[in-house]
Amino acid sequence: MKSSTFTKLFKVLSMSVLVLGLTTSSLYAETKKDFKIAWTIYVGWMPWDVINSQKIMDKWAKKYNINIKVVQINDYIESINQYTSGEFDGCTMANTDALGIPAAGGVDSTSLIIGDFSNGNDAVISKDAKSIKELKGKNVNLVELSISHYLLARGLELNGLSEKDITVVNTSDADMVSAYTTADVSSVVTWKPQVSEIQKMPNANTIFDSSKIPSEIIDLTVVNTQTLKDNPEFGKALVGAWYEMMSLMTSKSKEANEVKSMMAKASGTDLAGFEDQLKTTNMYYTPAEAVKFNNSEELIKTMEFVAKFSFDHGLYGEGAKDYGFVGIEFPNGKTVGDKKNIKLRFDDTYMKMAAEGKL
């Protein structure tokens, strides 16, 4: 009798779970009207600020009968954490962080826009060391497990050292400039505009930067894969707004200087300072350029290297047996890692549409 009762109860519970699952799935699969993306201050992402303030985002969202809220978050890693937890549908982030945080955390994410690669924006700066080798035995302040950590690891490796030779001190990007002014901090790794501010200070030696590893630190606008799949209009609006701004920035017009001046002010500098930051940023101003890079063997090799970094630093968790634990998908079906666990996708669909004038 107890066995029969338990069996009936199990069937009822199973049906309830099934119905709940179907209901949740159905709700999740329904199209949305309201979306949110997060961004943080960095030269390559400043266009989002002006896209928002000048109503370019509103225009493109209206075209597809949706609403997109563009939100600035002061702390970079916090913005990615909020995206990963589902508070945002999209977020700006570097390739290493896209793999190491949302993808490693099980959130299937798509690189919708490849905006640029850092070509000197990210740097290792020291008060007393004149080279990477002189960092041996010293503390280095950086945002732990972020793109800065990756840059330092590459710099150490290229100079015959490893992380065992230094001590990493986790520091928020928002606190990096003030931290460098203290006697306790001698060496930091950060990105522009913080790099520019620190380089103005006495005894600020730039001993390694991202120009030494070109096309490895890639800046992206990432969106939730399922959200994009269910709502292609979301992708079209974001990409359309982005490349309208890219076109405006390169137009050699009065308006180009105006929008770049807005970006400069929002990032705490002037037009000349912002132009200086752009010099060390390899922007993909046209969608065709971004599509070409997205389909390159170079990108695949870089992401395999990043996957190894993520695994070596424990970002995949205890269940990961090797760096292939998280699958990364590229155009034309190429993959790195586990094809059954694809969590990061470099999709050129929407950038191609922009290149072909189909948005």
Side-chain angles (χ1 to χ4, degrees), residues 40-46 74-77 93-97 100 116-219 264 267-270 272-282 306 309 313:
T40 50
I41 289 180
Y42 169 71
V43 56
W45 296 324
M46 294 313 300
N74 290 330
D75 186 279
Y76 172 61
I77 293 298
M93 63 189 80
N95 54 325
T96 55
D97 304 316
D116 68 87
F117 71 75
S118 174
N119 199 28
N121 280 333
D122 299 78
V124 183
I125 305 173
S126 181
K127 293 175 182 175
D128 46 23
K130 298 295 192 297
S131 69
I132 284 285
K133 290 183 179 180
E134 290 182 21
L135 289 179
K136 189 171 184 179
K138 299 181 182 295
N139 291 343
V140 181
N141 292 63
L142 51 76
V143 179
E144 195 170 12
L145 304 178
S146 74
I147 199 69
S148 293
H149 202 153
Y150 175 83
L151 177 70
L152 178 64
R154 290 289 280 125
L156 292 169
E157 180 187 56
L158 292 172
N159 285 275
L161 299 175
S162 72
E163 287 185 62
K164 294 179 181 178
D165 295 309
I166 56 96
T167 299
V168 167
V169 180
N170 190 31
T171 308
S172 168
D173 58 299
D175 299 328
M176 202 64 69
V177 175
S178 60
Y180 196 78
T181 65
T182 67
D184 294 336
V185 176
S186 63
S187 303
V188 299
V189 190
T190 188
W191 50 82
K192 289 186 177 179
Q194 290 92 322
V195 162
S196 298
E197 290 301 306
I198 295 171
Q199 286 175 332
K200 295 175 185 177
M201 299 179 189
N203 302 320
N205 307 306
T206 301
I207 57 178
F208 189 80
D209 65 44
S210 52
S211 67
K212 304 297 191 299
I213 51 169
S215 75
E216 286 191 30
I217 296 180
I218 310 164
D219 301 306
S267 60
T269 186
D270 55 16
F274 190 70
E275 292 281 15
D276 184 61
Q277 292 179 29
L278 285 173
K279 289 178 183 177
T280 50
T281 310
N282 192 96
V306 170
F309 171 85
H313 287 78

If you round to the nearest 0.5 Å, how far is NZ of K136 from CG of L161?
6.5 Å
Could you check whether any side-chain N or O of S146 sits under 3.5 Å from a backbone N or O of L142, counting only pairs where one atom can act as donor and the other as acceptor?
no
When you measure from the side chain of K127 to the backbone N and O of V185, does any donor-acceptor pair fall under 3.5 Å?
yes
Give the minimum heavy-atom separation between V168 and E144, together with the two atoms involved.
CG1-CG, 4.3 Å
Do the side-chain N and O atoms of Y180 and Q194 include a donor-acceptor pair separated by under 3.5 angstrom?
no
Establish, from distance only, whether the side-chain atoms of S126 and D128 form a donor-acceptor pair under 3.5 Å.
yes
Which atom pair, heavy atoms only, marks the closest approach of S172 to D75?
OG-OD2, 2.8 Å
To the nearest 0.5 angstrom, please state how far the NZ atom of K212 sits from the CD1 atom of I207.
10.5 Å
side-chain hydrogen bond (donor to acceptor under 3.5 Å, both in side chains) between N121 and T280, intermediate numbers included:
CA-CA 6 Å; N121 280 333; T280 50; 2.6 Å; yes
Applying side chain to side chain contact (heavy atoms under 4.5 Å, CB included) to V177 and M201, what does each step give before you reach the verdict?
CA-CA 10 Å; V177 175; M201 299 179 189; 3.5 Å; yes
Which pairs with one or both residues in residues 159-174 pass salt bridge (charged side-chain N to carboxylate O under 4.0 Å, His left out), sequence neighbours excluded?
none
Run the side chain to side chain contact (heavy atoms under 4.5 Å, CB included) check on I147 and N95 step by step: do they pass?
CA-CA 8 Å; I147 199 69; N95 54 325; 4.0 Å; yes
Could you tell me which non-hydrogen atom of N119 sits nearest to which non-hydrogen atom of P214, and how far apart they are?
OD1-CB, 4.2 Å
Quick one: which residue pairs count as a salt bridge (charged side-chain N to carboxylate O under 4.0 Å, His left out) with a foot in residues 182-202, not counting sequence neighbours?
E197-K200
I need the D219 CG to T281 OG1 distance, nearest 0.5 Å.
8.0 Å
Assess the side chains of Y150 and D122: does a donor N or O sit below 3.5 Å from an acceptor N or O?
no
Taking the side chain as everything from C-beta on, heavy atoms only, tell me whether S215 gets closer than 4.5 Å to N282.
no
Supply the atom-to-atom distance N203 CG to S186 OG, rounded to the nearest 0.5 angstrom.
11.5 Å
Side chains of S187 and L135: does their closest heavy-atom pair fall under 4.5 Å?
yes
Smallest separation among heavy atoms of F309 and A153, with atom names:
CE1-CB, 3.8 Å
Name of the residue among V143, L151, I217 meeting side chain to side chain contact (heavy atoms under 4.5 Å, CB included) with W191
V143
Would you say that T171 contacts V188 through its side chain, given a criterion of any heavy-atom pair below 4.5 Å between the two side chains?
no
Could you pull out the closest heavy-atom pair between Y42 and P193, with the gap in Å?
CA-CD, 4.4 Å
Which heavy atom of L152 sits nearest a heavy atom of V140, and at what distance?
CD2-CG1, 4.0 Å
Under 3.5 Å, is there a donor-acceptor pair between the side chain of D209 and the main chain of S211?
yes
Working to the nearest 0.5 Å, report the span between OG1 of T96 and CZ of R154.
12.0 Å
To the nearest 0.5 angstrom, please state how far the CG atom of N74 sits from the CD1 atom of I41.
7.0 Å
Assign the ring pair Y76 / W45 to parallel, tilted or perpendicular, where the plane angle (0 to 90°) is split at 30° and 60°.
parallel
